[in-house]
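Notes follow the structure.
All ligand and atom numbering here is 1-based and tracks the order in the structure. We count residues from 1, following the sequence as given.
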Amino acid sequence: MAEFQSVRGFHDLTGEELRRFRYASDTIKSLLKLYNFEEIILPVIEYLEVFQRSIGEVTDIVQKEMFVFQDRKGRLLALRPEGTAGTVRAYIQNRLYALKPYVKLFYEGPMFRYERPQAGRYRQFHQIGAEAFGISSPELDAEMIDLVYNILTKLGISSTIEINSIGCRVCRPAYRKALSEYLDQVVGHLCDVCIDRKDKNPLRVLDCKVETCKEAVRSAPKMVDYLCEECAAHYQSLKSYLEMLSIPYRENYHLVRGLDYYTKTVFEAVSTELGITIIAGGRYDYLVEEMGGPPTPAMGFAVGVERLSLLIKELPPEEPLYMVIPFGNVMDYAFEVVKKLRDMGKKVEISYKKANLKKQLELANKLKVDFAVLIGEDEKRLHTITIKDMHTGKQEIISFPELAHESL
Ligand code: ATP
Ligand code: MG
């Protein structure tokens, strides 16, 4: 029978790839906790409207990237393509705003997008995201970017932080108009998708990846020149804070992000090595209100964990592996030694095979054991263990009661 294959774009994570993935996600989560973000576990399925309303009808995600299906009652559900929409839904539904003056949450888990699979792009991938609700001050923006920068520094990934402000309800309409007028003049150079976007969502034309579009928008008006007083002051403060924090950043006037809900600050961390975005986020001061909650300023970012894992150069060394190998009628003592080693926090295997010493050591080598712990009748009687360093071949006898004091 032919072997089963996983669904296109859905992949298994094992071995080295998984170790990178876990190292990345553990590092990120430990930093999130230091910044006092609390975990929230969200469903992977929401009503389709949750995403339509928040992400926006004319975004790539909603128009063509979602896995949408009907349940048995004919309701339209979607596999989550990102985590902000669900977090906002949960924030409102659980009345989290009533519990504290502000709430900082993080989530992790699989996201689903119907995209063409390629290197670093899957149909099921994982994100870790942070969302802060109830804080309007630019100190938050600076801290969120600081957190992103710290994550990357800790993982040894070099990146550039790109920032922009895309304004608010007050100042964006005038900019949108100016941009539309500009785009009308260069329409001959735009791709078909951008011709369509030009009227529906002109800001999205600014980050089109098509060369002719990139060229066409090079001298487009900039949002930063249209910011209202409040947005301009916010953006200015953010920049001065980033300088105080010594975070290298670059202003990218074409950065708008693909989701409709952003206001004021948007930012991305772009890998210096590959030039791809690895972490992206921004403010979304109206989204909670638009989803039916009280007016609540908010800001968040999401990390694509697989993409980030690919960039990690060096993993911390693994814990050494011990293998307890019994010879003869010594299982009681072998179990005692295994327990003792595990109580000491050592990673221990017991040999499940019966064989002579040579075969046992060959097996240990194949299993990448660092220390073989040999236990025979003598060791049992004398209450010792014979420990063999599999890398150097050096062997020594240690008395069992003293084991805990030995620097193994
Ligand atoms: P891109 O421009 O690469 O499509 P995006 O703007 O769609 O990215 P976001 O929605 O902001 O990305 O998601 C944040 C991060 O999630 C991205 O920076 C990336 O690291 C990761 N990501 C997004 N889509 C995928 C995917 N299909 N497979 C793997 N990772 C992804
Ligand atoms: Mg995308």
Side-chain angles (χ1 to χ4, degrees), residues 6-13 17 20-21 24-25 28 44 51 54-56 58-67 78-88 106-131 144-145 147-149 151-152 155 157 159-164 166 193 197 201 203-210 213-214 252 254-262 265-284 287 299-312:
S6 67
V7 177
R8 185 168 139 83
F10 289 71
H11 69 301
D12 307 307
L13 278 166
E17 202 184 357
R20 290 170 170 282
F21 182 97
S25 59
I28 297 166
V44 293
F51 302 113
S54 56
I55 298 169
V58 286
T59 54
D60 287 352
I61 294 183
V62 168
Q63 283 189 334
K64 49 184 198 217
E65 293 177 0
M66 275 205 292
F67 282 89
L79 291 180
R80 62 180 183 190
E82 54 102 59
T84 303
T87 312
V88 172
F106 79 86
Y107 59 82
E108 68 169 322
M111 304 295 160
F112 305 86
R113 294 190 196 175
Y114 204 97
E115 298 193 75
R116 201 169 69 78
Q118 48 186 290
R121 197 176 284 286
Y122 312 99
R123 289 183 173 171
Q124 175 176 332
F125 62 100
H126 294 76
Q127 284 186 342
I128 298 179
E131 316 286 351
M144 292 292 246
I145 293 176
L147 171 51
V148 162
Y149 188 66
I151 289 172
L152 294 168
L155 292 171
I157 297 171
S159 67
T160 316
I161 303 285
E162 300 196 344
I163 62 166
N164 192 21
I166 56 169
V193 183
R197 280 177 185 148
N201 198 351
L203 268 73
R204 292 287 281 126
V205 177
L206 292 177
D207 76 344
C208 180
K209 306 286 184 286
V210 176
C213 295
K214 279 198 203 166
N252 174 353
H254 291 163
L255 184 62
V256 294
R257 307 288 311 124
L259 300 87
D260 268 2
Y261 50 61
Y262 287 117
T265 309
V266 287
F267 71 98
E268 286 187 358
V270 180
S271 145
T272 333
E273 188 189 334
L274 301 181
I276 55 166
T277 301
I278 25 183
I279 305 184
R283 253 191 191 280
Y284 49 92
L287 184 59
M299 176 156 189
F301 66 79
V303 185
V305 186
E306 283 85 351
R307 239 183 252 182
L308 192 71
S309 313
L310 286 175
L311 292 163
I312 296 173

Inset, instruction - Just do the side-chain contact (heavy atoms from CB on, under 4.5 Å) check on Leu13 and His11 with the steps written out, would you? - result: CA-CA 7 Å; Leu13 278 166; His11 69 301; 4.0 Å; yes
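Of the possible donor and acceptor atoms, none in the side chain of Lys64 sits under 3.5 Å from a partner among the backbone N and O of Val62. A donor-acceptor pair under 3.5 Å is absent between the side-chain atoms of Arg283 and the main chain of Tyr262, judged by distance alone.
Within the listing of ligand 1, atoms 28 (N), 29 (C), 30 (N) sit less than 4.0 angstrom from a heavy atom of Gly120. In the vicinity of Gly304, heavy-atom distances shorter than 4.0 Å reach the ligand 1 atoms 15 (C), 16 (O), 20 (O), 21 (C). Within ligand 1, counting atoms from 1 as listed, the ones closer than 4.0 Å to a heavy atom of Ala280 are 11 (O). Interface atoms of ligand 1 facing Thr277, defined by a heavy-atom separation under 4.0 Å, are 18 (O), 20 (O).
Considering every non-hydrogen atom in both Ile55 and Glu82, the closest pair reads CD1-CG, 3.6 Å.
Salt-bridge check for Asp60 with Arg197: passed, with a basic side-chain N closer than 4.0 Å to an acidic carboxylate O.
Side-chain contact check for Phe112 versus Phe10: some heavy-atom pair is nearer than 4.5 Å. Within the 4.5 Å cutoff, side-chain heavy atoms of Arg121 are placed close to those of Arg307.
One option in Tyr114, Phe301, Phe125 has a heavy atom closer to atom 22 (N) of ligand 1 than any other, and that option is Phe125. Taking all heavy atoms of Gln127, Met111, Arg113, Gln124 into account, the minimum distance to atom 12 (O) of ligand 1 is reached by Arg113.
For Arg257, the closest heavy-atom approach to ligand 1 falls below 4.0 Å. Remark: distances from the non-hydrogen atoms of Glu82 to ligand 1 are all 4.0 Å or more.
Under 4.0 angstrom from ligand 1, the non-hydrogen atoms of Ile278 all belong to its backbone.
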